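Given the structure is predicted, the values throughout are model-derived calculations rather than measurements. Side-chain atoms are counted along with the backbone in the values below, which use heavy atoms only and exclude waters and symmetry mates.
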Amino acid sequence: MSLFLRMFQSIALVLVAGALAVLGAGIAGAHPTLLVTEPGSETAVSEPPQTITLIFNEQVAPGADAIKVVDDAGRESPIDAAESSKGGRAITSRLSDAPSPGTYTVRWQVIGADGDLVEEDFRFAVGLALTDSGGGDDSASTSWTETVLRWLLFVGFALALGTIVAERLSSVPHAENPSLKKLRTWFPGGICIALVGVAGLMVSLAASSSVAALWQERAGIILLVETCGLVLALALKAAGSTRLASAALLLVIAAEGLRSHANVVAPGWGAFLTAVHLAAAAIWVGALLHTVRTAFAWRGQHAPVRWVVAGYTRLALWTFIVVVTTGTISALLLIPVAAMFSTPYGQLLTVKLLFVIAASGVAISARRTMRRTEQVGKLRNQIRIESILLISVLAISAALVSTAPANSPAQPGPPAAIGPVLPLGTLAGQIGVSVAASEGQLVVRLSTPRRVDYYAQEPDQEYTLIGALRAGGVNTSLSLRGCGSGCFVAQTDWPLGESVLTLEAAATGWRGGTVSMLIPWPVQSGDTDLARAVDITRAQKNLTFYESVTSDAANVGPEPQQLSLSSEFFLAQEPYADGTAPVVVRLPSAGRQLRLAVGYPAAGMNVLLDLDQTGRIISETLSDAKHLITRTFVYPEVN
């Protein structure tokens with residue numbers, strides 16, 4: 001009996017060893033598998049990539065055409081020679097020029113350990129750079145670099161436009177008394193200051209996106225229009241045509257109106273409100289500064305000073321009324337009254353209102369002082385204080401246009417989705433981003449990891465979100481409104497084909513960031529595809545895959561780790577283990593592979609599955625409030 005047992009054990013060991021040898025030979029003889037790409041396959045990035053990186057599961061050698069990058073028009077992007085790293089498992093090429101927004105195909109060739117040439121391709125898209133703030137801190141909703149540059153633009157514009165208006169007020173006393181000192185105009189200086197601000201905004205846009213963005217993106221075109229308006233106004237004023245120079249400055253006003261938050265919320269008349277508000281504020285500030293200079297230059301000449309100040313006071317009254325009226329209407333469009341003190345945008349708006357009230361109070365006091373000839377010295381001091389307050393108002397205005405408008409969590413939830421819903425998810429820094437795209441609507445839900453005990457009440461979390469959509473070479477800002485805590489909704493018509501959605505998310509106390517996603521449209525139900533994929537994957541018995549997990553997408557993810565599990569055990573850990581999910585759609589795919597987007601709205605979880613031609617899962621991306629998990633599966637070849 002013992003002899004029989006020993007013979008049985010020997011035969012079993014031989015069979016096991018043979019099976020392991022066959023399995024090992026099958027995997028070792030397989031072609032190299034692409035595990036990770038940077039940028040990710042079939043994804044979108046908000047910032048133009050500087051390099052293309054491919055990481056394989058084994059050592060490879062670059063082929064003759066290791067990496068090529070081609071745009072939608074078939075144009076090949078200049079790229080440096082490929083370099084190997086990570087022991088030959090990684091191939092990297094540096095792009096000579098930053099790619100402009102659009103969709104690109106990466107074609108790669110490598111030689112595996114078996115000597116065979118392997119070549120495939122994948123796609124990625126470049127989205128939009130919404131701000132240059134980086135979204136890396138708690139104040140990500142305000143771009144302070146843009147604030148300074150916009151302030152220069154506003155101050156310079158106010159000096160130019162206000163000087164033209166105020167010079168007409170001082171021309172009458174000077175005509176009656178030519179001995180009065182003639183002031184040198186500040187118009188050219190104002191134009192130059194404004195051009196410095198515009199140039200800085202152009203450099204910022206080109207650095208965050210690409211130089212081509214200056215004539216391809218809406219933000220760049222607006223800056224070019226403002227540049228043309230300022231240069232044309234300077235040339236016309238130098239030629240002696242003051243009225244035409246004023247008309248040229250209207251280009252700057254119109255451009256600022258088109259890029260305003262109010263125009264996003266109320267297209268057309270929102271731009272008109274902003275343009276009128278800016279023009280009135282510029283005349284108020286610029287005319288006041290010229291009046292201050294005149295009062296100092298003509299000190300001792302009480303009658304001329306009173307004439308100029310009286311004319312300015314009448315002008316200031318009307319500009320004050322226009323500024324307050326248009327500003328109030330715009331504020332009501334952009335932010336609920338309940339959010340005036342609880343959000344960055346509302347707080348800035350409140351401070352601006354206080355400064356305007358203070359400036360108007362000083363202006364009223366100056367009007368009373370003007371009636372007393374003996375107090376002209378006091379009048380000059382009051383005008384000086386009013387000037388400082390109004391320049392501060394311009395600074396706050398620059399901060400407001402560089403800040404994402406707040407959204408009230410008390411607003412109603414999003415309307416019910418119509419038709420199929422496309423669920424996608426990712427991490428923006430440490431913030432979970434869950435997207436649901438449906439017919440005519442986008443719903444975005446932001447979430448952060450819990451800091452307290454699971455059963456304890458989670459403290460209130462403040463979120464801000466701005467977004468834009470790029471389709472067919474056209475960029476469109478999204479008008480997002482709050483629909484609850486961390487919930488934002490926007491009405492949008494998804495264009496046929498693919499578009500790039502770019503979102504910049506921020507949450508108090510957490511690192512935020514900017515992310516982009518490819519939105520293919522239309523989509524169709526994928527329920528049967530998911531059930532079939534689970535059955536086919538379960539039939540594999542054993543699975544080998546490479547997994548990478550991160551809780552902060554702003555940092556470089558860890559190296560993928562190889563894992564081997566039974567298919568039954570692996571699927572038991574997956575949310576789609578039973579082959580069903582609340583939301584499953586099939587994404588359009590031009591290749592042989594099938595891509596499924598799987599959503600679990602109640603859990604804030606989204607899964608993206610790529611299936612091969614046999615229906616097996618070959619890659620998986622899972623995201624929730626805490627993690628971003630990517631897996632690439634390797635199957636032994638069958639001869």
Side-chain angles (χ1 to χ4, degrees), residues 9 11-38 40-41 53-60 85-91 110 112-114 116 118 120 122 529-551 556-579 581 593-596 598 605 607-624 626-639:
Q9 291 173 349
I11 293 172
L13 288 173
V14 170
L15 291 175
V16 171
L20 290 174
V22 171
L23 181 61
I27 295 178
H31 293 317
T33 299
L34 181 61
L35 301 179
V36 180
T37 67
E38 186 60 40
S41 174
T53 301
L54 316 176
I55 300 179
F56 296 85
N57 65 329
E58 64 179 47
Q59 183 176 351
V60 297
S85 60
K86 299 184 183 296
R89 293 188 302 109
I91 303 294
V110 297
D114 57 2
D116 289 341
V118 180
E120 292 181 12
F122 67 89
D529 297 305
L530 178 63
R532 179 173 177 266
V534 170
D535 290 340
I536 292 175
T537 302
R538 180 176 281 113
Q540 299 301 310
K541 302 300 181 185
N542 295 295
L543 298 175
T544 299
F545 57 92
Y546 292 80
E547 179 181 86
S548 177
V549 182
T550 182
S551 58
V556 178
E559 280 283 310
Q561 300 296 314
Q562 181 178 348
L563 299 172
S564 295
L565 301 172
S566 70
S567 59
E568 195 68 40
F569 181 80
F570 169 77
L571 289 171
Q573 318 306 313
E574 295 297 289
Y576 51 82
D578 62 352
Q593 298 177 358
L594 175 64
R595 171 165 277 205
L596 299 178
V598 185
M605 180 184 299
V607 185
L608 203 58
L609 297 175
D610 286 307
L611 314 178
D612 65 9
Q613 60 270 26
T614 68
R616 299 178 300 188
I617 299 174
I618 56 175
S619 70
E620 174 188 44
T621 302
L622 186 150
S623 64
D624 58 21
K626 295 183 179 180
H627 305 106
L628 181 63
I629 304 172
T630 58
R631 299 185 177 109
T632 302
F633 295 80
V634 180
Y635 297 99
E637 292 185 350
V638 178
N639 296 325

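The CG atom of L543 lies 11.0 Å from the CG atom of L563; values are rounded to the nearest 0.5 Å. In this structure, CZ on R631 lies 4.5 Å from CD on E547, to the nearest 0.5 angstrom. Atom CD of Q613 and atom CG of L611 lie 10.5 Å apart (nearest 0.5 Å). In this structure, CD on Q59 lies 14.5 Å from NZ on K86, to the nearest 0.5 angstrom. Expressed to the nearest 0.5 Å, how far CD of E574 lies from CD1 of I617 amounts to 7.5 Å. For the atom pair OH of Y546 and CG of N57, the computed distance is 4.0 Å after rounding to the nearest 0.5 Å.
Residues satisfying the salt bridge (Lys or Arg N to Asp or Glu O under 4.0 Å) criterion with D529, sequence neighbours excluded, are R586. With sequence neighbours left out, the side-chain hydrogen bond (donor to acceptor under 3.5 Å, both in side chains) criterion links T614 to D612, R616.
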query = V118 and L34: side chain to side chain contact (heavy atoms under 4.5 Å, CB included), yes or no, with the steps?
reply = CA-CA 10 Å; V118 180; L34 181 61; over 6 Å; no

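Smallest separation of non-hydrogen atoms from F56 and I91: CE1-CG1, 4.2 Å. Minimum heavy-atom separation, A577 to V534: O-CG1, 3.5 Å.
Sorted by first then second residue, the side chain to side chain donor-acceptor pair (under 3.5 Å) pairs that include residues 531-542, not counting sequence neighbours, are R538-E568.
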